[in-house]
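Contents: one structure, followed by commentary.
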Amino acid sequence: MPRWALAGSFGTPRLYLKSLLADRPRGAEGAVRRVAASIALGPDVEPGQPTFSYGLRPLLVYDANINGGLPFETIDLGPFRFTVDEDTRARQGWTIGARAQAGLDLPVAEGLLMSAFVQLGRRHAPNFGTNITDRSIGACLRHTNDSWSYLDACLSKGDIDNERSKVTSLTRAVTFGQLFDTPQATHEVSLTLMQQTSQGVDQKRLRVASRSMIRDLGAIDAGVSFGEKVDGTLRQTFAADLGYGIILLGRPTRLSVGYAEDTGGTLFGQDRTEQSWSARLSRNVVRNVTAYVSYKDTRSSIPEFSGESWGFGLEYSGFRW
C-alpha cells in the first residue's frame with residue numbers, strides 16, 4: 001500500500017499530488033500533470049481557460065424520515081401526554097430518483113483556482129407518494145502555494161423540500177491547511193472557520209482535522225468540531241470523528257466512528273439535548289459502486305427522541321463527462 005494509492009482512494013487532490021511526488025511511482029507523470037492542473041498548478045495551467053464538468057447520479061435510498069416528521073406516536077411532557085398527528089409522524093421507506101450536477105473550474109493564476117457548482121436532486125417515495133427535492137449552489141476560491149500551504153474560501157446555499165416542510169441553509173467557510181511528508185507518510189492538517197445559517201438562525205463553528213496516508217498501514221483521518229450554543233434551537237456544539245481506510249483484497253475499504261453533542265433545543269418549555277454515537281463501514285464492491293452499512297445510537301434528554309437506527313445500501317458514483 002504505497003501512500004499515493006491510499007491518497008487516490010481516501011485523500012484530497014492536493015494530498016494525492018503530494019503523495020505522487022513523494023513516492024514517484026513509475027509511469028505516474030501523466031497523473032501528476034493532470035492532478036496538478038486540477039488545482040491550478042504545473043505547466044498545463046492556462047489562466048482564464050474554464051473547464052466544465054457534468055454528472056448524473058441515480059439514487060436508491062432508504063430514508064428513515066422521508067417527511068421530516070417526529071419519530072414517535074405519543075410524547076409525555078410533565079403530567080400531560082400528547083398524541084402526534086398521523087401526518088406529522090416520521091415515515092420511512094425506499095426512495096428512488098436522481099441527482100444532476102454541473103461544475104466549473106477557472107484557473108485565475110498560478111496556484112489560484114475558482115470553482116463553482118450547481119446541483120439538483122429529486123427522489124420519490126412510492127409508498128407515500130411523496131417527493132423530496134434538494135437544491136444547492138456554491139463557489140470557492142482556492143489558493144495553493146509552493147510551500148504546500150493552502151487557503152480555501154467557500155460560500156454555498158441549499159435547501160431540502162419534502163412537500164411538508166422546507167429547510168434552507170447558507171454556509172460561509174474559510175479553511176487554512178498545510179501538507180507535509182515524513183519518511184513513511186504524507187499528511188494534511190487543516191483548520192476551518194465556518195458560519196452556518198439554517199432557517200434564519202446563525203451558528204459559528206470551528207473544525208480541526210487531519211489526514212495521513214501511511215505506507216503499509218493505511219489512511220487515517222480525524223477531526224474535532226466545536227459550535228456555539230444557540231438558545232432555543234437544537235444545534236451541534238461538539239463532534240469528534242475517526243476514520244481508517246485500507247486497500248483490502250484490491251478494493252478500498254473504510255471504517256469510521258463518530259460522537260456528537262447537540263444542545264440548546266427546547267420543546268414545550270423542556271430543555272432538549274442529545275448525544276449520539278455512530279459507525280459506518282463501506283467498501284468498493286465493483287467500479288463506481290460502494291456498499292455500506294451504518295449504525296447510530298441517539299440518547300436525548302426527552303426520551304421519545306432517543307433510539308437506534310441502521311442504514312445500508314449501495315452508492316453509485318454516477319455518470320460523468
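Bear in mind that the values here come from a model prediction, so they are computed numbers and not experimental data.
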Residue pair L6, I246: steps toward the side-chain contact (heavy atoms from CB on, under 4.5 Å) verdict: CA-CA 7 Å; L6 292 167; I246 190 174; 5.6 Å; no

R254 vs D221, side-chain contact (heavy atoms from CB on, under 4.5 Å): CA-CA, chis, key distance, verdict: CA-CA 11 Å; R254 185 173 185 271; D221 60 271; 2.9 Å; yes

Would I66 and I132 count as a side-chain contact (heavy atoms from CB on, under 4.5 Å) if you check the C-alpha gap in whole Å, the side-chain angles of each, and the deciding distance to 0.1 Å? CA-CA 8 Å; I66 293 170; I132 305 98; 3.7 Å; yes

Trace of the salt bridge (charged side-chain N to carboxylate O under 4.0 Å, His left out) decision for R207 with D241: CA-CA 11 Å; R207 176 172 171 81; D241 55 84; 3.0 Å; yes

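At a threshold of 4.5 Å between non-hydrogen side-chain atoms, the residues F238 and V224 count as touching. For the pair W148 and L17, the minimum side-chain heavy-atom distance is below 4.5 Å. Taking the side chain as every heavy atom from C-beta outward, R283 and L248 approach each other to under 4.5 Å. A 4.5 Å side-chain heavy-atom check between Y150 and R142 finds every atom pair outside the cut-off.
To the nearest 0.5 Å, the span separating OG on S38 from CZ on R14 amounts to 9.5 Å. Here the CZ atom belonging to R123 is positioned 9.5 Å from the OG1 atom belonging to T133, to the nearest 0.5 angstrom. Note that OG1 of T186 is 8.5 Å distant from CG of L179, once rounded to the nearest 0.5 Å. From E308, atom CD reaches atom CG of D297 across 4.5 Å, with rounding to the nearest 0.5 Å. If you take CZ on F52 and CG on L106, they are separated by 8.5 Å, rounding to the nearest 0.5 Å. Taken to the nearest 0.5 Å, the CD atom of Q119 stands 6.5 Å off from the CG atom of D134.
Taking the six-membered ring where the residue is Trp, W277 and Y259 present tilted rings, their angle falling between 30° and 60°. Using a 30° and 60° split on the angle between ring planes, W310 and Y295 fall in the tilted class, from 30° to 60°.
In this structure, the side chain of R57 engages the main chain of Y316 through a donor-acceptor pair within 3.5 Å. Remark: the backbone N or O of F10 is paired with a side-chain donor or acceptor of R211 at under 3.5 angstrom. Side-chain atoms of S212 never come within 3.5 Å of backbone atoms of I214 as a donor-acceptor pair (strictly under, hydrogens ignored). Side chain of Q203 to main chain of Q236: a donor-acceptor pair is present (N/O by atom type, distance under 3.5 Å, no hydrogens or angles). A donor-acceptor pair is defined here as one N or O able to donate and one able to accept, closer than 3.5 Å; such a pair exists between the side chain of Q199 and the backbone of T168. Formation of a donor-acceptor pair under 3.5 Å by the S301 side chain with backbone atoms of T273 is found in this model. Side-chain atoms of N284 come within 3.5 Å of backbone N or O of V289 as a donor-acceptor pair. Side-chain N or O atoms of T95 include one that pairs as donor or acceptor with a backbone N or O of V61 at under 3.5 Å.
Residue R235 forms a side chain to side chain contact (heavy atoms under 4.5 Å, CB included) with just one option from D262, V201, T263, and that option is V201.
Counting only N and O atoms by type, the side chains of T192 and R205 include no donor and acceptor under 3.5 Å apart. A donor-acceptor contact closer than 3.5 angstrom is absent between the side chains of R299 and S306.
Across all their heavy atoms, N67 and A90 have their closest contact at OD1-CA, 3.5 Å.
Residue pairs meeting the side-chain hydrogen bond (donor to acceptor under 3.5 Å, both in side chains) criterion with at least one member in residues 22-32, sequence neighbours excluded: R3-D23, D23-R215.
The six-membered or imidazole ring of F312 lies away from that of Y292, with a centre-to-centre distance of 6.0 Å or more.
Annotation: cation-pi pair R272/F305 present, NZ/CZ under 6.0 Å from the ring centroid and within 45° of its normal.
Under the 4.0 Å criterion applied to side-chain N and carboxylate O atoms, D202 and K204 are not assigned as salt-bridge partners.
Linking ILVMFWY side-chain heavy atoms closer than 4.5 Å, directly or via other members, places L151 and V208 in a single hydrophobic cluster.
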